Amino acid sequence: MPRKPDAPAPESQDPDDLRIASRNLNGRYPWLDPGEQVPYGRVLRAAAELKWRPADVVSRLNALGYADIQRASIPWPETVEPDDALLVVRADRWSYDPVDVQETVSLRQIVASAALVNRSPADVGRRLTALGYRVGTGARPLPESADPRDIRLILTDRRSYGTWLDWGDEVSPQHVLDVATQLACSPHSAAKRLVALGLRLPYTPEPGDERLLKYRDTYGDVHGSGWFGRWSAPPVGHVIAVARETGRPQADIVARLRELGTQPPDGNVPDAPEADDFVMLSENLDGRAPWLPKNNVVGLQVRHILRAARVTGRSPVSIAGRLTALGHSLHDNANLPAAVDEADIALLDTVTRSYLDDVHLENVLRSASLTGRSPADVAARLTALGYRLPDEVDYPEIRGALTAR
């Protein structure tokens, strides 16, 4: 197919004429084609940048040979504002293509334009309507508050140029959790804003969702959010703690978390929690978050069981049995002592190997150095607790000096 010849430069050398006739309104090539229709938005942008009345731009274009000029269903506005030049440029193009006045303005256009001019979506929608554009609507008016994060809230596919939600689309709960994670904000806030932007959710956002989805108050994750994401399996401790604080049944909390897009809880939520459950399920054994996560690979740490037994006064076997009933498990290699020994807790604090790992000479020597016990004593005790020491080593009975950790 032969290449269409470039449009010629206008005969007039007046600077304003050159700007009006140039596609990018910069007075330079490329030029508008006299044989093509001049878009309505192109006239408004020229008027805004030149500070002319749109009708005057139309008259000048006609004089320069551009006879076919697109019109809206309303008369040309008497005046335009400087910001209008940004509102009528398409947000989904890298060039300066104008928004088509014959098409419904997309939600993406509204929120992207609002961010550019630091105005609310409602204000942008009203302005575009006054300029003759058709703006889509949701079930309620657009937000009156400006929020530059709106454009990221409606982005559903970050690959290539992205996929964007539009008027009336239904948003999945997983999308809400994803964008909340990306923006490090409350999923409940993200859900409310999406509804305010005219989108639909399969659930109605409730104030109580804040507490259900907040898993840490003082311990943020690597992104600093502290909110459950779409792949999060809420710990059992979180569920029963929220039930205790709010008075809601555990089953209701589990059902709501699933409705909000999380994974099922990472264990067995009891119908009637025992008082000690809050202690043994907390990582710091203080009955509060952070809660003990379920480890399906190496199982429960024996030192956590011993510490929980020390705090609650229960036996290690009793603690392990209760945690197993709550969905946790011990590794097959683990051997629990019958009673709590502070020396065992101090020793296990120095062990960096799991029951899946072999404990080698350097590991034994490190623990011996940190605890002040002899390497032979350390090796014997770790073996009794179920660790594998495959090296054929004669560990010395001599105790080393304590070193700083």
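In this text the structure is predicted, and so the values were computed from the model without any measurement.
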Worksheet item: Taking it one step at a time, do Leu183 and Leu153 satisfy side-chain contact (heavy atoms from CB on, under 4.5 Å)?
Response: CA-CA 9 Å; Leu183 298 174; Leu153 282 178; 3.8 Å; yes

Salt bridge or not for [X] and [Y], using N-O below 4.0 Å?
X	Y	value
Asp97	Arg90	no
Asp209	Lys192	no
Asp358	Arg353	no
Arg126	Glu144	yes
Lys214	Glu210	no
Asp276	Arg322	no

Item to complete: Consider only side-chain N and O atoms of Gln301 and Asn295, and report whether a donor and an acceptor are under 3.5 Å apart.
Response: no

Fill in: Any donor-acceptor N or O pair under 3.5 Å, side chains Asp56, Ser59
no

Closest non-hydrogen atom pair between [X] and [Y], with its separation:
X	Y	result
Ala368	Ser374	CB-C, 4.1 Å
Glu49	Ala85	CG-CB, 4.0 Å
Val239	Ile253	O-CD1, 3.8 Å
Gln263	Ala233	CB-CA, 4.0 Å
Trp164	Thr156	N-OG1, 4.1 Å
Pro293	Glu283	CD-OE2, 3.0 Å

Short side-chain to backbone donor-acceptor contact, [X] and [Y], under 3.5 Å:
X	Y	answer
Thr383	Ala379	yes
Arg366	Thr350	yes
Arg388	Leu356	yes
Arg200	Gly168	yes
Asn333	Gly386	no
Arg45	Val88	no
Gln70	Tyr40	yes
Asn62	Tyr66	yes
Asp17	Ser12	no
Asp266	Val236	yes

Spacing of [atom1] belonging to [X] relative to [atom2] belonging to [Y], to within rounding of 0.5 Å:
X	Y	atom1	atom2	answer
Trp231	Asp178	CH2	CG	8.0 Å
Thr262	Leu257	OG1	CG	4.5 Å
Leu213	Ser189	CG	OG	10.5 Å
Leu128	Leu44	CG	CG	9.5 Å
Ile240	Asp277	CD1	CG	5.0 Å
Asp92	Gln109	CG	CD	7.0 Å

Are [X] and [Y] close enough that some pair of their side-chain heavy atoms sits under 4.5 Å apart?
X	Y	result
Leu165	Leu197	no
Leu260	Tyr203	yes
Leu155	Gln182	no
Glu259	Pro173	no
Leu348	Leu385	yes
Thr324	Leu330	no
Leu347	Leu370	no
Pro235	Lys294	no

Discussion item. Determine whether His188 and Leu212 satisfy the following criterion, side-chain contact (heavy atoms from CB on, under 4.5 Å), listing intermediate values before the conclusion.
Written reply: CA-CA 10 Å; His188 178 60; Leu212 266 62; over 6 Å; no

Item to complete: Report yes or no: is the cationic atom of Arg244 (NZ for Lys, CZ for Arg) closer than 6.0 Å to the six-membered ring centre of Phe278, at no more than 45° off its axis?
Response: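 Yes, a cation-pi geometry.
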
Fill in: Full working for side chain to side chain donor-acceptor pair (under 3.5 Å) between Arg193 and Ser145
CA-CA 10 Å; Arg193 187 69 177 186; Ser145 59; 2.9 Å; yes

Fill in: Derivation and outcome, salt bridge (charged side-chain N to carboxylate O under 4.0 Å, His left out), residues Asp344 and Arg310
CA-CA 12 Å; Asp344 284 343; Arg310 178 180 60 186; over 6 Å; no

Worksheet item: With sequence neighbours left out, which residue pairs that include part of residues 115-125 fulfil the side chain to side chain donor-acceptor pair (under 3.5 Å) condition?
Response: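 Applying side chain to side chain donor-acceptor pair (under 3.5 Å) to every pair that reaches into residues 115-125, excluding sequence neighbours, yields Asp83-Arg119, Arg119-Asp123.
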
Discussion item. Go through it in stages, so that I can follow the logic: the residues are Trp76 and Arg53, the test is side-chain contact (heavy atoms from CB on, under 4.5 Å), and I'd like the CA-CA distance, side-chain angles, deciding distance and then a yes or no.
Written reply: CA-CA 9 Å; Trp76 290 104; Arg53 294 170 60 249; over 6 Å; no

Worksheet item: If you count the non-hydrogen atoms of other residues, nucleotides and ligands that lie under 6.0 Å from CD in Glu245, is the total more than 12?
Response: yes

Practice prompt. Would you check, one step at a time, whether the test side-chain contact (heavy atoms from CB on, under 4.5 Å) holds for Asp150 with Ile110?
Written response: CA-CA 10 Å; Asp150 287 343; Ile110 294 289; over 6 Å; no

Discussion item. Consider side-chain contact (heavy atoms from CB on, under 4.5 Å). Of Asp100, Val105, Val101, which one does Glu103 pass it with?
Written reply: Asp100

Practice prompt. Check Tyr215, Trp291, Phe228, Trp227 against His238 for a ring pair (Phe, Tyr, Trp, His ring centres under 6.0 Å) and give me the one that passes.
Written response: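 The ring pair (Phe, Tyr, Trp, His ring centres under 6.0 Å) with His238 is passed solely by Phe228 among Tyr215, Trp291, Phe228, Trp227.
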
Fill in: Glu36 and Arg23: CA distance, side-chain angles, deciding distance, salt bridge (charged side-chain N to carboxylate O under 4.0 Å, His left out) verdict
CA-CA 12 Å; Glu36 295 179 354; Arg23 288 190 178 276; 3.4 Å; yes

